[in-house]
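First the proteins, then the strands, lettered A, B, ... as listed; each starts at 1. It should be emphasised that the depicted structure is a prediction, and the values quoted were computed from it without experimental measurement.
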Amino acid sequence: MLSLTRLIEKKLQEALEKVVKGQSDQSFVSEINCNPQLSPASKPEYGDFQANCALSLAKPFKQSPRQIAINIVDQLHKDDTFLKLCKPAQIAGPGFINLTLRESCLIKELNDRFIDARLGVPVTEKTCLADSPCQVVIDFSSPNIAKEMHVGHLRSTIIGDSLARVLEFRGYPVLRLNHVGDWGTQFGMLITHLKDVAPLALQQQDALELGDLVAFYREAKKRFDTDQLFQQASREEVVKLQRGEEPSKRAWTMLCEQSRKEFQKIYDRLDIRLIERGESFYNSYLQEVVHDLDSYGLLVIDDGARCVFLKGHKNGEEHTAPPVIVQKRDGGFNYSTTDLAAVRYRLAPIPQGDGAHRVIYVTDAGQTSHFAGVFEVAKLANWVPEGARLEHVPFGLVQGEDGKKLKTRSGETVRLCDLLDEAVERAESDLRKRLIDEGRNEDENFIQHVATTVGIAAVKYADLSQNRNTNYQFSFDRMLALQGNTAPYLLYALVRISGIYRKGGEHDLSSEGLHFTEPQEWALIRELLKFDEVIVLVEEELLPNRLCNYLFELSQIFNRFYDQVPVLKAPKKSRMSRLALCRLTAETLRIGMGLLGISTLERM
RNA sequence: GGGGCUGUAGCUCAGCUGGAUAGAGCGACGGUUUCCUAAACCGUAGGUCGUGGGUUCGAGUCCCGCCAGCCCCGCCA
């Protein structure tokens, strides 16, 4: 209903302007805000929209808000276009103008949806170079080489993927970047240690499992902290690596390759596509970054380190913020330098960089001040083109049901593969129990397929359905619950629709002569028509939970309809119309869940 | 000391540009199945929106103070 909303807003604004012109006292007119303040009705009883402008105009007009509302409505009712769209406007309460769409108008919108594979969601109109859609970069997931993916990577991976899907659906070219931790002193440590204890592993592909690497990493870290000689050797190893010396470089390549294979298993299970471009990619740009900043006079040498000092602001007062260090006392670079090089590269025009217009970082909220500093420096260094956006998309911690950081029973970090295994196992045992209770007989393939789909969907949906800013309390029981705002609930709604088509709905595909009589039908129609607005909202706010909320509400409204209104046994005219509604509901749920990265089922 | 996030029903959370009597789900209690998958639907109970001020015709939402929890703050990422 995006375009319809805009049209009604325009009509209201015209009416409002006429009312303003008709005022005897024009002295205040320039100060008046002619925004009609149109919003969706806060309750179904109030219709489809409400306009709140009359209330705020009472004071400048020196009239009662109700009188102003009457004047606006009088103007509206002279407008034929408006009258074709809406029933006569109602004035309610202190001066709200309530608008209800005509059924003919809803039906027309609905018909447009039936023939639109995009369900009314427009392709973005924003264009950049050569009138093509603007390039978006999303930086998400980003595990560390030589370590296993753990629960700490869950949210970034799931949220980042969903945002990428939404932006892609809106027609943006999206570069999904996996900014893996593939550089730094830890590799010096690890390679030095492996040379001692498992030299073969550095020459031969597949000699080590990632699990072994993690153990070796721990040992290496221990030695590094206690053994001076080892520390020295590790530092030298880093230097060799940075120079690209052959045995070291080859060992590093191997470690990366090994990790990559493990990561890919997780990404395959989660159905996530990523392009790996790790920190090491930016090595050759680090020096240029420092040079650039220096040429803008931004660098200050403080205690031997090259820093950029930024000013913080609060209530107009300045205070000193900690500096962004771009080159350490020993000449080495750190993560700020890498992130600056990445920003610079991503924003630079195409042969030199990615030519991005919007760069989105999906990382935990702990890095908020880090990114604020990096973005600020990028602006000062003139790397950010006019209109380009740099956005940090922060998210809270994953907590256990005790409210503390999620750990295993023995107190260790939860591995992502274990977490997914458990979700699928629980889904499987739930399913088996239900099959017995209901006396159903299904083959192994079906059970495995349903359990996998439900388990993965539950993990993803539980994460996405929560406002990402808050910490997230992880609970298998809640996410796999068969009722409430969960993936199984949504999947079930779709399964019910599929059931209708299995039992003889296939032949009624015509959407001509739509005919609706029941309030449950109209409620479902109104909800279906909101889909486009929700998608555009998510694109702007980068909050997938808004989409989840919508899909949950849609499922609830559908389930009510399903429960209270017969479809297959309805008279012919209603039957056709209801089947059409079912079909659109199914499409909306499928596409909506698809944008969350969740695949759906016909039966479960 | 500086900064960020959070605080809404017993529990887990929604609440978009400030708008009408603050909403879901779970849990509790009660009801519904000769009918498209009851993994559903209907109903009841449950609130000083952390707290004190301010702005406004109107504040869960905006501004200021305070309290509580979590997190970040120069050479780790």
Side-chain angles (χ1 to χ4, degrees), chain A residues 35 37-43 45-46 50 52 55-56 58-59 65 92-96 98 142 144 181 183-186 279 302-307 312 314-315 319-330 332-336 338-339 363-370 372-373 394 396-397 399 401 403-405 430-431 434 438 440 454 465-467 469-473 475 477-478 481-486 488-489 491-493 495-505 533 537 540-541 543 545-546 548-549 552-553 556 559-560 562-564 566-569 582 603-604:
Chain A
N35 183 344
Q37 299 182 37
L38 184 71
S39 62
S42 56
K43 290 189 177 184
E45 306 93 273
Y46 301 148
Q50 62 184 64
N52 304 332
L55 295 124
S56 54
K59 205 169 191 183
F96 297 103
N98 290 340
S142 308
N144 291 314
W183 206 247
T185 37
Q186 71 264 30
E279 295 170 352
D302 194 84
D303 199 12
R306 286 165 202 270
C307 311
K314 197 189 177 184
N315 299 342
H319 61 86
T320 45
V324 176
I325 294 176
V326 296
Q327 195 162 23
K328 299 188 282 189
R329 191 168 26 208
D330 64 7
F333 303 107
N334 61 8
Y335 68 109
S336 288
T338 307
D339 278 338
T363 78
D364 68 277
Q367 299 190 48
T368 303
S369 48
H370 164 66
L397 246 59
Q399 298 175 320
E401 286 178 80
K404 292 179 187 157
K405 196 171 171 181
D430 275 6
L431 176 61
R434 189 164 327 102
E438 296 172 8
R440 285 166 61 188
V454 170
S465 60
Q466 197 136 137
N467 185 316
N469 292 301
T470 57
N471 289 345
Y472 154 50
Q473 200 173 101
S475 160
D477 286 331
R478 274 203 297 272
L482 313 165
Q483 57 275 79
N485 188 3
T486 64
Y489 181 88
L491 290 170
Y492 179 62
V495 161
R496 290 180 120 184
I497 300 175
S498 306
I500 292 175
Y501 285 97
R502 259 198 314 280
K503 296 264 167 89
E533 287 175 5
L537 192 66
E540 193 49 39
E541 299 185 330
L543 288 172
N545 67 303
R546 299 236 196 261
C548 296
N549 268 342
F552 177 53
E553 269 162 37
Q556 279 184 309
N559 275 331
R560 207 165 292 148
Y562 180 94
D563 201 63
Q564 297 166 9
V567 177
L568 292 179
K569 295 196 168 169
C582 287
R603 298 194 303 124
M604 65 190 277

Item to complete: Pick base, sugar-phosphate or nothing for A/D364, based on heavy-atom distances below 4.0 Å to the nucleic acid.
Response: nothing
Worksheet item: Tell me, for nucleotides 32-40 of chain B in 5' to 3' order, what letter each nucleotide earns: B for a base near a protein heavy atom under 4.0 Å, S for only sugar-phosphate near one, - for neither?
Response: ---SBBSBS
Practice prompt. Figure out the CD/C1' separation between A/Q466 and B/A14, and round it to whole Å.
Written response: 10 Å
Practice prompt. Among B/C75, B/A20, B/G19, find the nucleotide with the atom closest to the side chain of A/A92.
Written response: B/A20
Worksheet item: Checking all strands, does A/G181 fall into the base, sugar-phosphate, or nothing category for heavy-atom contacts under 4.0 angstrom?
Response: nothing
Worksheet, complete the sentence: Partner of B/U51 under the Watson-Crick or G-U wobble criteria, both distances under 3.5 Å, comes out as B/G65
Practice prompt. Rounded off to whole Å, could you give me the CG-to-P distance for the A/D302 and B/G74 pair?
Written response: 13 Å
Worksheet, complete the sentence: The reported gap from CZ in A/F96 to CG in A/N52 (rounded to nearest 0.5 angstrom) is 5.5 Å
Fill in: Distance between P atoms of B/C41 and B/C26 (Å, rounded)
8 Å
Discussion item. Applying the Watson-Crick and G-U wobble criteria at under 3.5 Å, what pairs with B/C41? Answer none if nothing qualifies.
Written reply: B/G31
Discussion item. Please classify the nucleic acid contact of A/S465 as base, sugar-phosphate, or nothing, using heavy-atom distances under 4.0 Å.
Written reply: nothing
Discussion item. Output the rounded distance in Å from CG (A/N469) to C1' (B/G7).
Written reply: 14 Å
Discussion item. Need one value for A/S369: base, sugar-phosphate or nothing, where a base atom within 4.0 Å counts as base even if backbone is also close, heavy atoms only.
Written reply: sugar-phosphate
Worksheet item: Does A/K59 make a side-chain N or O approach to OP1 or OP2 of B/G58 shorter than 4.0 Å?
Response: no
Worksheet item: What does A/F552 touch in the nucleic acid at a heavy-atom separation under 4.0 angstrom: a base, only the sugar-phosphate, or nothing?
Response: sugar-phosphate
Worksheet item: For RNA chain B, whose closest nucleotide is more 5', that of A/L543 or that of A/S56?
Response: A/L543
Worksheet item: Considering only heavy atoms from C-beta outward, does the side chain of A/P323 approach that of A/D302 to under 4.5 Å?
Response: no
Item to complete: Could you give the distance separating B/A45 and B/G30 at their C1' atoms, to the nearest angstrom?
Response: 11 Å
Worksheet item: Rounded to the nearest Å, what distance is computed from the CG atom of residue A/N471 to the P atom of nucleotide B/C70?
Response: 11 Å
Worksheet item: Considering only heavy atoms from C-beta outward, does the side chain of A/D339 approach that of A/H370 to under 4.5 Å?
Response: yes
Worksheet item: Any side-chain heavy atom of A/E540 sitting closer than 4.5 Å to one from A/L537?
Response: no
Discussion item. A/T363 vs A/S142, test: side-chain contact (heavy atoms from CB on, under 4.5 Å). Steps then yes/no.
Written reply: CA-CA 9 Å; A/T363 78; A/S142 308; over 6 Å; no
Practice prompt. Describe the nucleic acid contact of A/L537 in one word from base, sugar-phosphate, nothing, applying a heavy-atom distance below 4.0 Å.
Written response: nothing
Worksheet entry | Protein-nucleotide distance (A/L397, atom CG; B/G7, atom P), rounded to Å | 16 Å
Discussion item. Over all strands shown, is A/N334 touching base, sugar-phosphate only, or nothing at heavy-atom distances under 4.0 angstrom?
Written reply: sugar-phosphate
Worksheet item: Nearest to the side chain of A/T470 - B/U21, B/A14, B/U12?
Response: B/A14
Discussion item. Taking the side chain as everything from C-beta on, heavy atoms only, tell me whether A/D364 gets closer than 4.5 Å to A/L397.
Written reply: no
Worksheet item: C1' atom, B/G50 versus B/C67: distance in rounded Å?
Response: 7 Å
Practice prompt. Measure distances between side-chain N and O atoms of A/N467 and base N and O atoms of B/C13, and say whether any donor-acceptor pair falls under 3.5 Å.
Written response: no
Worksheet item: Does B/A14 have a Watson-Crick or wobble mate here (both distances under 3.5 Å), and if so which one?
Response: none
Practice prompt. Please test A/N98 against A/Q50 for side-chain contact (heavy atoms from CB on, under 4.5 Å), starting from the C-alpha separation and ending with a verdict.
Written response: CA-CA 5 Å; A/N98 290 340; A/Q50 62 184 64; 3.6 Å; yes
Fill in: Spacing of the P atoms in B/C29 and B/G65 (rounded, Å)
47 Å
Discussion item. Testing the basics here: between A/Y46 and A/A41, what is the closest heavy-atom pair and its distance to 0.1 Å?
Written reply: CB-CB, 4.1 Å
Fill in: Nearest listed nucleotide, side chain of A/K328, among B/G74, B/C75, B/A14
B/C75
Discussion item. So, OP1 or OP2 of B/C73: does either fall under 4.0 Å of a side-chain N or O from A/T368?
Written reply: no
Practice prompt. Check the distance between B/U21's C1' and A/F96's CZ and give it to me in whole angstrom.
Written response: 12 Å
Fill in: Residue closer to the 5' end of RNA chain B, A/A41 versus A/T338 (nearest nucleotide)
A/A41
Worksheet item: In whole Å, what separates the C1' atom of B/G7 from that of B/U51?
Response: 11 Å
Practice prompt. Would you indicate what A/A365 reaches in the nucleic acid, counting non-hydrogen atoms under 4.0 angstrom: base, sugar-phosphate, or nothing?
Written response: nothing
Item to complete: For nucleotides B/U48 and B/G52, find the distance between their P atoms and express it as a whole number of Å.
Response: 12 Å
Worksheet item: A/N98 CG to B/G19 P: how many Å, rounded?
Response: 15 Å
Discussion item. Nearest whole Å is fine: how far is B/G23 C1' from A/E553 CD?
Written reply: 9 Å
Worksheet item: Which listed nucleotide (B/U12, B/G15, B/C16) is nearest to the side chain of A/E541?
Response: B/C16
Discussion item. For the backbone of A/V324 and the side chain of A/S336, can you confirm whether one donor and one acceptor N or O come within less than 3.5 Å of each other?
Written reply: no
Worksheet item: Are A/R478 and B/C11 close enough that a side-chain N or O sits under 4.0 Å from OP1 or OP2?
Response: no
Worksheet item: Measuring from A/D477:CG to A/T486:OG1, what's the distance to the nearest 0.5 Å?
Response: 12.0 Å
Item to complete: Report the nucleotide, chosen from B/A14, B/G19, B/G74, that has the shortest atom-to-atom distance to any side-chain atom of A/I325.
Response: B/G74
Fill in: Pair A/N334-A/I325, side-chain contact (heavy atoms from CB on, under 4.5 Å): steps then yes or no
CA-CA 8 Å; A/N334 61 8; A/I325 294 176; 3.8 Å; yes
Which atom pairs link the protein and nucleotides 49-51 of chain B when you take only N or O atoms and keep those under 3.5 Å?
none

Worksheet item: Which is true for A/S39 with a 4.0 Å heavy-atom rule: it touches a base, it touches only sugar-phosphate, or it touches nothing?
Response: base
Worksheet item: Expressed as a whole number of Å, how far does the P atom of B/C76 sit from that of B/G18?
Response: 45 Å
Worksheet item: Got a donor-acceptor contact below 3.5 angstrom from the A/N471 side chain to the A/Q399 backbone?
Response: no
Worksheet entry | Distance between C1' atoms of B/U55 and B/C62 (Å, rounded) | 8 Å
Discussion item. What I want to check is whether the side chains of A/N559 and A/Y492 have a donor and an acceptor closer together than 3.5 Å.
Written reply: no
